[in-house]
Amino acid sequence: MAKVALLYFASLREATGCEREEVETGAADLAGLYAEAASRHGLQWPRERLRVAMDGAFAAWSEPPREGSEVAFIPPVSGG
Amino acid sequence: MAKVALLYFASLREATGCEREEVETGAADLAGLYAEAASRHGLQWPRERLRVAMDGAFAAWSEPPREGSEVAFIPPVSGG
Amino acid sequence: MGPTRSCTARFELATSDIDIGPLREGLLRDEAGAYASFEGWIRNHNDGRPVSGLRYEAYASLAVAEGQRIVEEAAGRFPVSGVHCVHRVGELPVGGLAVWVGASAAHRDAAFDACRYVIDQVKLRVPIWKHESYTDGPAQWLHPDEPGSPPRPA
Amino acid sequence: MGPTRSCTARFELATSDIDIGPLREGLLRDEAGAYASFEGWIRNHNDGRPVSGLRYEAYASLAVAEGQRIVEEAAGRFPVSGVHCVHRVGELPVGGLAVWVGASAAHRDAAFDACRYVIDQVKLRVPIWKHESYTDGPAQWLHPDEPGSPPRPA
């Protein structure tokens with residue numbers, strides 16, 4: 001089990017109702033971590049439309065969650 | 001014969017030593033008018049490298065000089 | 001990959017109005033003959049709907065890191081003297097300045113190319129989101145579809 | 001050919017310093033989400049030679065007519081809200097602003113394209129000449145070769 005903080009932005013924050021939550025996870029990778037969060041909050045975004053970042057850098061979905069890390073699921077961006 | 005004013009700019013003005021001269025010409029077209037000016041002032045520019053304007057608008061070398069008009073021989077430009 | 005010449009490459013987020021005068025002056029160089037800039041302003045319409053204003057939210061630490069990567073990529077790809085981008089976060093009215101990009105270079109090709117590269121990549125990659133308000137209905141978050149992507153969830 | 005939409009298209013010669021603040025503001029439009037600008041600055045070197053300053057001379061009436069034609073072509077080709085160009089004549093020091101182009105549009109493609117079109121065409125077509133001074137020899141008029149053109153006379 002790893003303890004991680006999850007960050008939510010924009011419509012993902014609206015859907016979860018929170019901008020940050022601490023969770024204990026047994027997920028083997030970040031894809032599994034997203035599946036848990038999507039199930040817990042009823043998130044409709046397919047993982048293919050999102051990117052994931054760990055500790056302030058983009059990461060691969062296949063990476064395992066690091067103990068104590070901060071993980072963000074990034075919906076399509078609309079800056080500029 | 002037509003009476004026209006010739007305008008010289010940049011290195012053409014340096015070569016002729018004047019920015020404007022009034023001439024009487026029997027030239028059939030602006031190409032002939034340039035040939036006369038080139039011969040009179042020893043201008044080295046081949047006509048192919050120049051453009052010509054009459055009364056403030058670009059013109060074709062084949063146009064006849066208009067009585068009372070202002071004709072400019074335009075060396076390659078270097079603005080911007 | 002980074003710039004091999006000495007060259008300013010900088011990305012910032014701004015929480016208050018962007019003052020472009022000093023930003024532009026920061027790119028002046030005696031060897032630079034060309035300067036190109038881009039500004040993104042808040043339009044009064046989007047996708048046919050009347051916009052009353054908007055708010056930008058960023059994942060700040062990642063946005064700054066990714067934005068900095070983009071300006072350094074531009075400095076490595078194009079022979080520029082300097083390239084700088086500032087993106088606004090927070091509330092903005094119609095007509096407000098959302099993003100500014102400036103690039104100086106010896107010649108104009110590099111200045112235009114760097115400026116264009118930065119704004120295109122910022123829009124694609126930097127984690128900033130637009131929350132748009134309308135005069136004809138409720139506000140919403142914008143999450144553009146990528147080409148060929150599945151439809152956005154309701 | 002001219003613009004079919006209502007759109008500012010303006011070209012001017014300036015005999016004193018170009019003040020870009022009000023020029024930029026003149027292109028702000030509530031429907032415009034994008035603004036691109038270009039500035040040409042006097043470089044401290046050209047063709048490997050150290051430049052100390054220069055003077056621009058124009059055939060003013062034809063330069064204004066041809067410049068106006070160019071900005072109207074840009075307004076006709078690209079969906080812009082406004083396009084404006086000001087070219088300096090007279091003496092300029094190194095670092096001085098020689099030419100400014102600004103274009104506003106709903107979207108950035110048109111703003112960039114119009115800006116680029118105007119500066120490219122101005123350099124090709126507008127009767128303005130550069131008299132360049134050097135720290136290492138006598139000043140000269142610049143008359144760039146066109147591709148494939150015969151050599152410049154001595």
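Not measured: the values here are computed from a predicted model. Naming: A, B, ... by sequence-line order, numbering from 1 per chain.
No other option in C/Gly40, C/Ala106, C/Ala98 has as many heavy-atom pairs under 4.5 Å with chain D as C/Ala106. Heavy-atom pairs under 4.5 Å with chain D were tallied for C/Ala32, C/Ala111, C/Ala36, C/Ala103; the largest tally goes to C/Ala32. Considering only heavy-atom pairs separated by less than 4.5 Å from chain D, the leading option among C/Gly21, C/Gly33, C/Gly95 is C/Gly33.
The aromatic rings of C/Phe112 and D/Phe38 lie parallel to each other, with less than 30° between the two planes, well short of the 60° mark.
Only the backbone of D/Ile42 comes within less than 4.5 Å of a heavy atom of chain C; no side-chain atom from C-beta onward does.
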Show me the donor-acceptor pairs under 3.5 Å between chain C and chain D.
residue	atom	partner	partner atom	Å
C/Arg24	NE	D/Glu39	OE1	2.9
C/Arg24	NE	D/Glu39	OE2	2.9
C/Arg24	NH2	D/Glu39	OE1	2.7
C/Asp30	O	D/Asn44	N	2.8
C/Gly33	O	D/Trp41	N	2.9
C/Tyr35	N	D/Glu39	O	2.9
C/Tyr35	O	D/Glu39	N	2.8
C/Ser37	N	D/Ser37	O	3.0
C/Ser37	O	D/Ser37	N	3.0
C/Ser37	OG	D/Ser37	OG	2.7
C/Glu39	N	D/Tyr35	O	2.8
C/Glu39	O	D/Tyr35	N	2.9
C/Glu39	OE1	D/Arg24	NE	3.0
C/Glu39	OE1	D/Arg24	NH2	2.7
C/Glu39	OE2	D/Arg24	NE	2.9
C/Trp41	N	D/Gly33	O	2.9
C/Asn44	N	D/Asp30	O	2.8
C/Arg108	NE	D/Asp120	OD1	2.9
C/Arg108	NH2	D/Asp120	OD1	2.9
C/Asp109	OD1	D/Arg116	NH1	3.0
C/Asp109	OD1	D/Arg116	NH2	2.5
C/Arg116	NH1	D/Asp109	OD1	3.0
C/Arg116	NH2	D/Asp109	OD1	2.5
C/Asp120	OD1	D/Arg108	NE	2.9
C/Asp120	OD1	D/Arg108	NH2	2.9

